[in-house]
Amino acid sequence: MSSLLHRARFYSTAASLAQLDGPGFNDDIPEVAFVGRSNAGKSTAINLLCNQRGLAFASKTPGRTQLLNFFLVADRDRSWGYLVDLPGYGYAASSGTTRAGWDALLGGYLRERRQLVGVVLLMDSRRGLTELDERLIDWVTPAQKPIHVLLTKTDKLNRTETRRALEGIQRALEGSPHTVQTFSALHRTGLEDADARVLQWFGAPPTAWPKKKPQ
Ligand code: GDP
């Protein structure tokens with residue numbers, strides 16, 4: 001059996017908070033947002049979770065990088081939720097005004113969106129927690145939305161380095177409701193845990209993964 005997330009389809013894009021109050025965006029379907037520094041591995045993770053090569057790369061096409069991109073996860077019976085691909089942050093090159101608009105959209109969405117049930121925060125395990133990530137966590141925490149950190153690209157680290165990176169984030173999140181796991185799209189490690197977290201936030205049944213063959 002495959003994950004419900006494999007059914008994700010591009011739904012729509014939103015360019016402003018006002019648009020989110022309008023037609024097409026104000027149903028009561030839960031939303032899980034994906035966010036992180038540019039290059040953290042967000043598109044790759046979304047594509048892997050949805051088992052579709054090109055899905056989130058649509059968010060990287062010109063004109064879509066500053067937008068919220070919505071992917072609908074639905075089956076015959078029900079719309080379970082939206083995966084919302086948020087613009088990557090940390091591009092020093094963005095001009096002042098673009099930057100301000102970007103912050104307002106991303107910040108406003110994360111703080112005010114009623115349908116938002118959880119945030120998946122992608123962090124490159126080689127960089128760990130950056131100042132921008134900390135700012136994002138501090139911004140989201142008062143909204144009482146849980147954050148689940150995917151510490152990505154752990155195939156680039158050895159076991160000790162991976163453990164250290166994980167412990168570093170665990171320490172930083174101590175006392176908060178937020179959680180962290182390691183993830184490698186290349187090795188497909190952490191995929192089942194990430195899938196389970198998103199489906200749980202959607203209130204959807206967990207994936208019955210095929211049993212692994214004994215080695
Ligand atoms: P985004 O900007 O956060 O959407 O990042 P991308 O998904 O485009 O990934 C940025 C770069 O990291 C690309 O070259 C990916 O191929 C690479 N990448 C993403 N995930 C992994 C991973 O798990 N392992 C390795 N080694 N590279 C990865």
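Just so it is clear, the structure is predicted and the values come from calculations on it, not from any experiment. We count ligands from 1, going down the list as the structure has it; atoms in each ligand are counted the same way.
Residue K153 has at least one nitrogen or oxygen atom sitting less than 3.5 Å from a nitrogen or oxygen atom of ligand 1, judged on distance alone. An N or O contact shorter than 3.5 Å links A40 to ligand 1 by distance.
The shortest contact between atom 5 (O) of ligand 1 and any protein heavy atom is with G41 N, 3.1 Å. Looking from atom 8 (O) of ligand 1 to the surrounding protein, the closest heavy atom is K60 NZ, 2.6 Å. Among all non-hydrogen protein atoms, the one lying nearest atom 4 (O) of ligand 1 is S43 OG, 2.6 Å. The nearest protein atom to atom 26 (N) of ligand 1, hydrogens excluded, is given as D155 OD2, 2.7 Å; this is a heavy-atom distance. Scanning the protein for heavy atoms near atom 23 (O) of ligand 1, the closest one is A185 N, 2.7 Å. For atom 11 (C) of ligand 1, the closest non-hydrogen atom of the protein is N39 OD1, 3.5 Å. With respect to atom 20 (N) of ligand 1, the closest heavy atom belonging to the protein is T44 CG2, 3.7 Å.
The shortest side-chain heavy-atom distance between D27 and Y82 falls under the 4.5 Å cut-off. Between P30 and W80, the closest side-chain pair of non-hydrogen atoms is not below 4.5 Å.
Proximity of S184 to ligand 1 is established by a heavy-atom distance of less than 4.0 Å.
For atom 13 (C) of ligand 1, the protein comes within 4.0 Å by no heavy atom at all. Put simply, atom 18 (N) of ligand 1 has protein non-hydrogen atoms near it, under 4.0 Å away.
In this model, no donor atom of one side chain and acceptor atom of the other lie less than 3.5 Å apart for H187 and T154. A side-chain donor from one of D133 and T130 sits under 3.5 Å from a side-chain acceptor of the other.
More than 12 heavy atoms of other residues, nucleotides or ligands shown are found within 6.0 angstrom of CZ on R111. For R113, the CZ atom is densely surrounded, since the number of other residues' heavy atoms within 6.0 Å is greater than 12.
Proximity to L186 (heavy-atom distance under 4.0 Å) selects the following atoms of ligand 1: 22 (C), 23 (O), 24 (N). Those atoms of ligand 1 with a heavy atom of K42 less than 4.0 angstrom away are 1 (P), 3 (O), 4 (O), 5 (O), 7 (O).
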Stepwise side-chain contact (heavy atoms from CB on, under 4.5 Å) test for Y11 and F71: CA-CA 5 Å; Y11 173 74; F71 305 103; 5.9 Å; no
Step-by-step salt bridge (Lys or Arg N to Asp or Glu O under 4.0 Å) determination, R163 to E167: CA-CA 6 Å; R163 184 171 48 77; E167 286 170 356; 3.6 Å; yes
Derivation of the side-chain contact (heavy atoms from CB on, under 4.5 Å) call for L86 and L110: CA-CA 10 Å; L86 304 186; L110 289 170; 3.8 Å; yes
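Only side-chain heavy atoms of K156 come within less than 4.0 Å of ligand 1; its backbone N, CA, C and O stay farther off.
Using cut-offs of 30° and 60° for the angle between ring planes, the F70 and Y109 rings count as perpendicular.
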